[in-house]
Amino acid sequence: TCVRAMGLSFRNCIGIAAGIDRDGSLLPVLAGLIAGHIELGTVTDPRALKMPRVKPKTAPLMGVSIGSAKAGFSDEVLTDYSACLSSALPGADYVVLNFSNEAAQRTLKSVSGHRIVNMARKEIRRWEIQKSVRRPLLAKLPAGAPGDELPVTQSIAAELDGFVLACEWPERIAEFRAAFPDHCLGSVGGVRSAEDVVARRLAGCDLVQVHHAYAAGGAAAVERILHDLEGGLEDD
């Protein structure tokens with residue numbers, strides 16, 4: 001079933017999570033999947049990103065997760081995000097700022113998080129004006145457990161089109177959906193079956209990403225999940 005989110009049309013809700021293809025080298029294989037999107041990265045060196053000059057029309061939508069390999073926060077970290085963003089923008093359908101890995105443990109309530117998001121939004125706006133093409137901006141972050149304080153403020157969320165939530169609790173996803181009703185929500189973590197996808201969709205996710213299922217079972221695992229969804233499980 002087609003999913004409309006952030007002004008984009010995904011042919012289904014299933015995506016391949018960042019971490020499977022870190023630099024785009026696997027795109028010739030992944031582009032043949034029937035998934036709705038592929039997320040590359042996390043890219044921390046813009047020189048390593050291998051973006052296709054022309055994406056096949058039948059390929060899934062492509063997102064690029066970007067970050068910095070440096071610990072803490074500094075002007076150098078901000079420069080890393082900016083350089084990776086510039087490298088990703090021409091070929092990506094959307095961009096994800098990664099705040100989830102060990103080197104980027106900064107919540108979106110911090111000054112450093114604000115600087116990164118604000119920089120990315122300004123650069124994307126300039127690029128969109130020049131190219132007359134929209135590029136949605138998301139943030140990937142650990143969602144926390146149900147009942148925890150949300151790790152992002154409404155003011156910084158206003159600069160984002162959505163979130164990729166590292167989360168295995170549908171209840172926590174539902175809390176994000178209640179707090180951010182107009183944002184795109186993606187979920188990654190613990191998705192191994194169509195039942196897992198349905199639970200996250202019912203909690204409010206627009207998109208659901210698989211990582212372990214693909215790493216362990218390849219394209220057949222993704223096709224099995226989609227087959228089960230198309231068989232009516234998502235409508236039950």
Does the side chain of [Y] come within less than 4.5 Å of [X]'s, by heavy atoms?
X: Val96; Y: Ile66; value: no
X: Ser82; Y: Glu123; value: yes
X: Leu27; Y: Leu40; value: yes
X: Val164; Y: Glu39; value: yes
X: Val95; Y: Leu85; value: yes
X: Val111; Y: Phe73; value: no
X: Asp80; Y: Lys70; value: yes

For a quick test of reading the model, state the closest non-hydrogen atom pair linking [X] to [Y] and the distance between them.
X: Glu175; Y: Gly147; value: OE2-N, 3.0 Å
X: Gln209; Y: Ala18; value: OE1-N, 4.4 Å
X: Cys13; Y: Leu229; value: SG-CD1, 4.4 Å
X: Arg172; Y: Pro151; value: NH2-CD, 3.9 Å
X: Ala88; Y: Leu49; value: CA-CD2, 3.9 Å
X: Pro181; Y: Ala178; value: CD-O, 3.8 Å

I need the [X] [atom1] to [Y] [atom2] distance, nearest 0.5 Å.
X: Asp228; Y: Glu195; atom1: CG; atom2: CD; result: 6.5 Å
X: Ser9; Y: Leu61; atom1: OG; atom2: CG; result: 7.5 Å
X: Ile14; Y: Leu226; atom1: CD1; atom2: CG; result: 5.5 Å
X: Leu97; Y: Arg121; atom1: CG; atom2: CZ; result: 9.0 Å
X: Phe163; Y: Phe180; atom1: CZ; atom2: CZ; result: 4.5 Å
X: Ile116; Y: Ser68; atom1: CD1; atom2: OG; result: 8.0 Å

Among all residues two or more places apart in sequence or in another chain, which pass the salt bridge (Lys or Arg N to Asp or Glu O under 4.0 Å) test with Asp148?
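Partners of Asp148 by the salt bridge (Lys or Arg N to Asp or Glu O under 4.0 Å) criterion come out as none, since no residue qualifies.
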Under a 4.5 Å side-chain heavy-atom rule over Ile, Leu, Val, Met, Phe, Trp and Tyr, are [X] and [Y] clustered together?
X: Val117; Y: Val43; result: yes
X: Val77; Y: Ile156; result: yes
X: Val29; Y: Val222; result: yes
X: Tyr81; Y: Val152; result: yes
X: Val3; Y: Val191; result: no

Residues two or more places apart in sequence or in another chain: which of them pass side chain to side chain donor-acceptor pair (under 3.5 Å) with Arg115?
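Side chain to side chain donor-acceptor pair (under 3.5 Å) check on Arg115 returns Asp75.
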Side chain to side chain donor-acceptor pair (under 3.5 Å) partners of Thr58, counting only residues at least two apart
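In terms of side chain to side chain donor-acceptor pair (under 3.5 Å), with neighbours along the sequence ignored, Thr58 is linked to no residue.
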In a table with atom names and distances, give each donor-acceptor pair under 3.5 Å that connects a side chain of residues 124-133 to protein atoms at least two apart or in another chain.
unit_1 : atom_1 : unit_2 : atom_2 : d
Arg125 : NH2    : Glu159 : OE1    : 3.4
Glu128 : OE2    : Arg135 : N      : 2.7

Keeping [X] on the side-chain end and [Y] on the backbone end, is there a donor-acceptor pair under 3.5 Å?
X: Asn12; Y: Gly36; value: yes
X: Tyr94; Y: Leu8; value: no
X: Ser87; Y: Pro46; value: yes
X: Asp93; Y: Met62; value: yes
X: Asp196; Y: Ser193; value: yes
X: Arg201; Y: Asp206; value: yes
X: Asp21; Y: Leu30; value: no

Please tabulate, for the side chains in residues 137-146, all donor-acceptor contacts under 3.5 angstrom to protein atoms that are two or more places apart in sequence or on a different chain.
none

Verify the neighbour count for atom CZ of Arg22: are there more than 12 heavy atoms of other residues, nucleotides or ligands below 6.0 Å?
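At most 12 heavy atoms, drawn from other residues, nucleotides or ligands, come within 6.0 Å of this atom.
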Between Glu76 and Ser74: side-chain donor-acceptor atoms closer than 3.5 Å
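No donor-acceptor contact under 3.5 Å links the two side chains.
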Can you say whether the rings of Phe10 and His37 are parallel (under 30°), tilted (30 to 60°) or perpendicular (over 60°)?
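Taking His37 first and then Phe10, their aromatic rings stand perpendicular (interplane angle over 60°).
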For residues 183-190, tabulate all N or O donor-acceptor pairs below 3.5 Å that involve a side-chain atom, not counting sequence neighbours.
unit_1 : atom_1 : unit_2 : atom_2 : d
His183 : NE2    : Ala157 : O      : 2.7
His183 : NE2    : Leu160 : O      : 3.1
Ser187 : OG     : Arg200 : NE     : 3.3

